[in-house]
*Asks:* 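Right, I'll just put the structure down here and ask away after.
All values below come from the heavy atoms of this structure, side chains included, with hydrogens, waters and symmetry mates left out.
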Amino acid sequence: MLTAKQEQLIEATAPLVAEHLDTITQRFYPLMFERYPEIKPLFNQAHQADGGQPRVLAGAVLAYVQLRKEPEKVKATLATVVEKHVSLNIRPDQYPIVGECLLAAVAEVLGDAVTPEIADAWGALYEELAGLLTELEAKRYHEFAKRPGGWQGERAFRIVEKTPESSVITSFVLAPEDGGTVADFEPGQFIGVHLVIDGESTYRHYSLSGFPNGKTYRLSIKRELQGKASRHLHDTLQVGDTLNLLPPAGELVLDESDAPVMLISGGVGQTPMLPLAQHALEQGRQVVYLHAAQEQDQHAFGDELQALEQRYPRQLTSVTLYERGMEDATEVHIGWIDRELLARYLPEEQAQCYFVGPQGFMTAVNDALAALNVPQEHRHYEHFGPSQPLSAA
């Protein structure tokens, strides 16, 4: 617990730290990778290069400083961090490494403004935050491990099916090497994957695109031209090869109401929507499923969606858009998901809206839904990379 003097120092220096926080976090990651290179595989270097990961860290630190005296708000704010950490098997012994390097970056950027007393105060604040995260993550690890088919840490899985879904997306069905069952997950969640590529560890998160069945997990992955992990999965790994999985995680899950559901996806953002759609339909809810692909050959899962339409003809409305036209476009729209299209299909009764896709796509959808008076608490989204705020209030 921070002393009264440390509380005063944090309050007095928080504006200065906030002013320079972007610079601090940009310095922090190279410093940590230099001192502790074994930590580097846990971070997607593409998100380091574009600044996404440093911005997320800066936002989390600021949020904690502002909300730390309101425990429930803090836990809600840190929920996304906890989910990502669980899917990477972040351990308590890794937090001191982060703390050491973060405080070193603060001292380096702020220089003489950081007295020993101020450094101690911010160190105590970090220990408080690390202790809370460790506690929340331990609960999640324990909860999943005690489920039937659950585990803690990494578990080896074998590829039992590899199926092209479109010109850019391939599905991988994974079964545990030990022959046991696999724990159920919440439809809409993702899972951590540990790959070894050219002798180097690489960690990624991928949405679980199948429905829980107790036997296998399915990942449907887009091949990115510059994607180290996705190219390895598409081009190198075959049926019979193994990889390690970490516990499923993620907050993009259905709410507990019986309200209509609108699912909106762009490109590979469709992957969490399939299990969400099936889950909502099984609950008896009305579902509007809007999906946009660049063109027909990049459109995945058409047969699966058609099967759901046949099974739930009175509950499911499915709409497909292609950015580029085709000769036979009688069953699809040509263009983009915009405010006009959303207004046409938005259920009259207040719907829960879920959307995933590229950043620009999600920003446009969020703004359009806000303009259509969909409350913020009814707009749910998830980033495939570091979380970033969208523009609508």
Side-chain angles (χ1 to χ4, degrees), residues 13-14 16-66 77-111 113-114 118-119 122-134 136-137 190 192-206 224 226-230 246 249 359 382-389:
T13 57
L16 177 64
V17 172
E19 180 183 351
H20 296 278
L21 196 52
D22 284 344
T23 304
I24 290 168
T25 54
Q26 288 168 10
R27 176 62 189 127
F28 156 72
Y29 284 103
L31 186 64
M32 183 172 65
F33 297 154
E34 178 183 333
R35 292 186 181 183
Y36 300 95
E38 69 274 16
I39 294 292
K40 193 173 182 178
L42 294 171
F43 297 86
N44 187 329
Q45 296 307 302
H47 300 153
Q48 296 294 318
D50 66 14
Q53 192 70 53
R55 284 192 296 272
V56 169
L57 176 61
V61 172
L62 281 180
Y64 185 69
V65 172
Q66 295 165 353
T77 300
L78 294 177
T80 300
V81 175
V82 170
E83 294 299 307
K84 289 290 176 69
H85 283 187
V86 167
S87 69
L88 288 169
N89 193 36
I90 298 298
R91 305 185 308 270
D93 64 321
Q94 292 168 327
Y95 278 100
I97 292 174
V98 174
E100 171 199 325
C101 298
L102 185 57
L103 293 174
V106 169
E108 186 176 315
V109 171
L110 299 185
V114 182
I118 291 173
W122 281 92
L125 180 77
Y126 174 78
E127 288 183 7
E128 183 181 270
L129 172 58
L132 176 59
L133 286 169
T134 298
L136 295 173
E137 289 156 15
F190 56 82
V193 178
H194 179 195
L195 302 167
V196 179
I197 305 174
D198 298 328
E200 295 184 356
S201 287
T202 300
Y203 292 84
R204 291 292 185 270
H205 302 109
Y206 296 111
E224 302 286 356
Q226 304 301 319
K228 176 181 178 181
S230 69
L246 296 116
Q359 174 73 12
E382 182 176 70
H383 295 269
F384 283 161
S387 299
Q388 304 174 48

*Asks:* Are the side chain of Ser230 and the backbone N or O of Glu224 linked by a donor-acceptor pair below 3.5 Å?
*Replies:* yes
*Asks:* Kindly write out the residues that satisfy salt bridge (charged side-chain N to carboxylate O under 4.0 Å, His left out) with Glu100, not counting sequence neighbours, or none if the list is empty.
*Replies:*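 Listed in chain order: Arg35.
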*Asks:* Applying side-chain contact (heavy atoms from CB on, under 4.5 Å) to Val193 and Leu195, what does each step give before you reach the verdict?
*Replies:* CA-CA 6 Å; Val193 178; Leu195 302 167; 3.8 Å; yes
*Asks:* Compute whether any side-chain donor of one residue and acceptor of the other, for Tyr36 and Gln94, lie under 3.5 angstrom apart.
*Replies:* no
*Asks:* In Å and rounded to the nearest 0.5 Å, what is the CG to CG distance from Leu133 to Leu129?
*Replies:*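 If we round to the nearest 0.5 Å, Leu133:CG and Leu129:CG are 4.5 Å apart.
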*Asks:* Partners of Ala18 by side-chain contact (heavy atoms from CB on, under 4.5 Å), sequence neighbours excluded?
*Replies:*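 For Ala18, the residues satisfying side-chain contact (heavy atoms from CB on, under 4.5 Å) (neighbours in sequence not counted) are Leu62.
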*Asks:* Locate the shortest heavy-atom distance separating Ala63 from Thr77; write the atom from each residue and the value.
*Replies:* CB-CG2, 3.6 Å
*Asks:* Would you give the length of the straight line joining atom CD of Glu200 to atom NZ of Lys40, rounded to the nearest 0.5 angstrom?
*Replies:* 8.5 Å
*Asks:* Please tell me if the side chains of Val196 and Thr202 come closer than 4.5 Å, counting only heavy atoms from C-beta onward.
*Replies:* no
*Asks:* Over all heavy atoms of both residues, which pair between Val114 and Ala107 is shortest? Give the atoms and the distance, please.
*Replies:*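 Closest heavy-atom pair between Val114 and Ala107: CG2-CA, 4.2 Å.
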*Asks:* Once rounded to the nearest 0.5 Å, what's the spacing between atom CG of Leu42 and atom CZ of Arg204?
*Replies:*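 CZ of Arg204 is found 11.0 Å from CG of Leu42.
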*Asks:* Is any side-chain heavy atom of Asn89 closer than 4.5 Å to one of Tyr203?
*Replies:* no
*Asks:* Assess whether side-chain contact (heavy atoms from CB on, under 4.5 Å) is satisfied between Phe190 and Lys84, documenting all intermediate values.
*Replies:* CA-CA 9 Å; Phe190 56 82; Lys84 289 290 176 69; 3.8 Å; yes
*Asks:* With sequence neighbours excluded, tell me which residues meet side chain to side chain donor-acceptor pair (under 3.5 Å) with Glu19.
*Replies:* none
*Asks:* For Val17 and Trp122, run side-chain contact (heavy atoms from CB on, under 4.5 Å): C-alpha distance rounded to whole Å, both residues' side-chain angles, the deciding distance at 0.1 Å, then the answer.
*Replies:* CA-CA 10 Å; Val17 172; Trp122 281 92; 3.5 Å; yes
*Asks:* Measure across Ser201 and Pro41 and return the closest heavy-atom pair with its distance rounded to 0.1 Å.
*Replies:*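 Scanning both residues completely, I find the closest heavy atoms to be O-CB, 3.2 Å.
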*Asks:* Among all residues two or more places apart in sequence or in another chain, which pass the salt bridge (charged side-chain N to carboxylate O under 4.0 Å, His left out) test with Glu38?
*Replies:*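 Checked Glu38 against salt bridge (charged side-chain N to carboxylate O under 4.0 Å, His left out); zero matches.
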*Asks:* Between Leu103 and Gly123, which heavy-atom pair has the shortest distance, and what is it?
*Replies:*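 Scanning both residues completely, I find the closest heavy atoms to be CD1-CA, 3.6 Å.
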*Asks:* Taking it one step at a time, do Leu31 and Leu102 satisfy side-chain contact (heavy atoms from CB on, under 4.5 Å)?
*Replies:* CA-CA 9 Å; Leu31 186 64; Leu102 185 57; over 6 Å; no
*Asks:* Could you tell me which residues satisfy side chain to side chain donor-acceptor pair (under 3.5 Å) with Thr23, sequence neighbours excluded, listed by chain and number?
*Replies:* none
*Asks:* Between Pro92 and Thr134, which heavy-atom pair has the shortest distance, and what is it?
*Replies:*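 In terms of heavy atoms, the two residues are closest at CG-CG2, 3.8 Å.
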*Asks:* Can you tell me how far NE2 of His194 sits from CG of Leu246, rounded to the nearest 0.5 angstrom?
*Replies:* 8.5 Å
*Asks:* Which value, rounded to the nearest 0.5 Å, describes the distance between Glu83 atom CD and His205 atom NE2?
*Replies:* 10.0 Å
*Asks:* When you look at CG of Asp198, are more than 12 heavy atoms from neighbouring residues, nucleotides or ligands closer to it than 6.0 Å?
*Replies:*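 Open.
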*Asks:* Does Ala130 have any side-chain contact (heavy atoms from CB on, under 4.5 Å) partners at least two apart in sequence or in another chain, and if so, which?
*Replies:* Tyr95, Tyr126
*Asks:* Looking at every non-hydrogen atom in both residues, tell me the closest pair between Ile39 and Met32 and how far apart they are.
*Replies:*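 Closest approach of Ile39 to Met32: CG2-CE, 3.9 Å.
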*Asks:* Can you find a heavy atom in the side chain of Val106 that is under 4.5 Å from one in the side chain of Phe28?
*Replies:*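 No - every pair of side-chain heavy atoms lies 4.5 Å or more apart.
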